[in-house]
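Input: a single structure, listed below in structure tokens.
Order of the sequence lines fixes the chain letters, A, B, ..., with proteins taken first and strands second; residue numbering starts at 1 for each chain.
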Amino acid sequence: MLETKSDIIMLISSIEPEKKSINKATKRVLDVLCAFIGLGEPLGPSELARRLGMTRNMVYRALLTLEDEGLLFRIEETGRYILSSNIAQLQNANNPSPNLRQIASPYLEKISEVTKETVMLFLKAGDFSVIIDGREWRNAVSLRVKLGRVIPLHLSVGSRAILASLDDTEIEGYLKRNNPLTGMTPDSITKKASLWKEIGEIRERGFALSIGDYSPTSGGYAYSLPDCDGRVHGAIGIGGPIHRCHDAWVNESRALAEPLVEELKSLAALYGADE
Amino acid sequence: MADLPGILDLPPSTAHRALMTLEETGFAQRADNSARFVAGMMVHHLVRSMVLEFPARLPFANQFRPIAKEFDVAITLNWRVGWFCVRLFSAEGRQEAFQIRRLGEQRLLHDGVGPSTILASLPEQERKRYFARVETLRRSTDAEFQTEVIESYVRQIQADGRTRIISPIETGLDWVSLPLKGHSGDIVASASIGTGRQVHDEDTSIEAVEAVCDELSGFQKLLMERGADLASPFDLCDPDQIETSSTPWLYPLDLGRGPSSKTET
């Protein structure tokens with residue numbers, strides 16, 4: 001069970017150490033450095049050793065190396081470490097930061113592989129979501145990824161995952177600007193009260209669910225992707241033909257997808273939605 | 001790949017294996033499917049994680065992002081880390097074409113309007129200490145040129161509490177920069193406001209700058225009141241304690257990047 005952000009990051013950086021191209025000692029040092037991704041607070045050698053499954057001695061040597069190279073800073077009062085601002089020198093200031101699509105790309109592949117369904121990446125754009133990337137699964141019948149499709153925030157699973165992550169004032173603003181709400185199918189949510197109820201359920205469940213309310217032939221579930229400042233980048237959705245979208249499928253599929261979705265959320269939350 | 005053995009003075013096979021390790025772990029990636037490499041995703045994630053270590057960033061971002069849009073100005077926040085500062089926030093208003101201001105970028109305190117405002121606000125002894133320190137790492141002798149410019153900023157701050165730079169190009173941004181104090185009363189950061197002559201006439205520009213400065217007074221009050229909550233772990237450290245000692249290559253000083261050479265913030 002992934003408990004902490006650093007557990008998640010360790011999952012990201014874990015690769016087969018038996019690969020001949022990998023220098024194990026270097027990898028250990030890099031693993032220690034990666035443990036600080038997304039943490040936002042100091043870490044000590046004992047905690048690191050526990051989280052990384054290394055001996056305290058190994059961790060301590062890696063910390064000394066990283067401190068000596070100026071990549072970690074040791075807080076005298078506590079003996080714990082944080083990332084040093086020298087880390088910034090490793091990046092080329094002229095190269096742009098990765099965007100959501102670049103961050104999410106490897107996860108679209110992995111989630112599609114484990115769930116064996118189509119995965120889509122939605123970007124929030126004002127009162128709409130836009131499908132900016134996706135991976136279609138290789139079934140004879142699969143959901144198609146319609147790149148560039150623009151969907152109102154109350155329709156479809158990705159849009160509603162985004163809508164539910166906004167604060168209530170923003171949602172009221174959306175409803176005011178888009179009154180009356182339009183639908184796509186007889187099952188579309190077009191009443192304010194029903195939409196608020198759905199938003200409540202999404203917030204409680206932690207994901208949005210859609211069976212036939214955007215398209216009569218498809219269904220799926222989606223998670224919002226928050227940014228570093230409590231706003232939302234967009235959402236990631238997993239879906240398939242409606243005949244496959246029963247409760248058991250949703251539960252089984254989510255169990256496979258969620259660890260990867262949580263990793264992606266942790267990384268997306270390092271960046272701002274307007275970058 | 002071919003450049004590394006010479007730069008690092010390593011046997012080619014060792015350099016190759018190190019680079020492969022960095023590629024496999026996401027610290028390096030190929031540039032455009034070539035044999036050249038650039039920083040990988042892990043580097044970007046680490047830089048962003050470093051930026052998120054500064055507690056004052058989030059309240060500043062939440063307060064000033066909408067203000068940048070409302071007044072159509074650029075606003076940046078630079079936080080002091082020893083003899084350097086780190087850009088923690090940058091918002092661009094509604095304008096589309098802007099000088100790229102990377103979050104997490106680390107610069108010496110004389111490099112750009114924001115860092116120079118911090119430097120010019122330090123006590124005189126500490127400024128002298130800075131120039132002596134920078135002098136020992138320099139590869140040329142522009143020290144007098146740099147100190148004159150900083151001294152002009154010192155005079156501006158003593159007179160007006162802020163620095164002001166007019167862009168040498170018509171399409172650039174004019175900047176006003178204000179120092180910010182932490183709860184100990186020491187200078188910990190600077191906030192800079194950029195206005196474009198293509199967007200604002202002089203009166204609108206002055207109005208926008210003054211409105212943002214009012215908001216910055218409020219934020220300054222927050223920094224003083226919330227004390228340790230918003231302090232960074234680096235705020236109370238001696239600058240020499242923070243600076244790396246074993247890797248001078250980590251910040252090769254580019255002496256052409258003094259504060260008057262461009263209006264970077």
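- Here B:Glu126 pairs with B:Arg80, B:Trp83, B:Leu122, B:Pro123, B:Pro239 under the side-chain contact (heavy atoms from CB on, under 4.5 Å) rule; sequence neighbours left out.
- Neither the backbone nor the side chain of A:Thr78 comes within less than 4.5 Å of any heavy atom of chain B.
- For residues 55-66 of chain A, the pairs satisfying side chain to side chain donor-acceptor pair (under 3.5 Å) are A:Ser46-A:Arg56, with sequence neighbours left out.
- For CG of B:Asp9, the number of neighbouring non-hydrogen atoms (other residues, nucleotides, ligands) closer than 6.0 Å is 12 at most.
- Of the two parts of B:Cys237, only the side chain, counted from C-beta on, holds a non-hydrogen atom closer than 4.5 Å to a non-hydrogen atom of chain A.
- Of the N and O atoms on the side chains of A:Glu262 and A:Tyr223, not one donor lies less than 3.5 Å from an acceptor on the other residue.
- Heavy atoms closer than 4.5 Å to chain A are found nowhere in B:Phe54, neither backbone nor side chain.
- Residue A:Ile82 touches chain B through both its backbone and its side chain, counting heavy-atom pairs closer than 4.5 Å.
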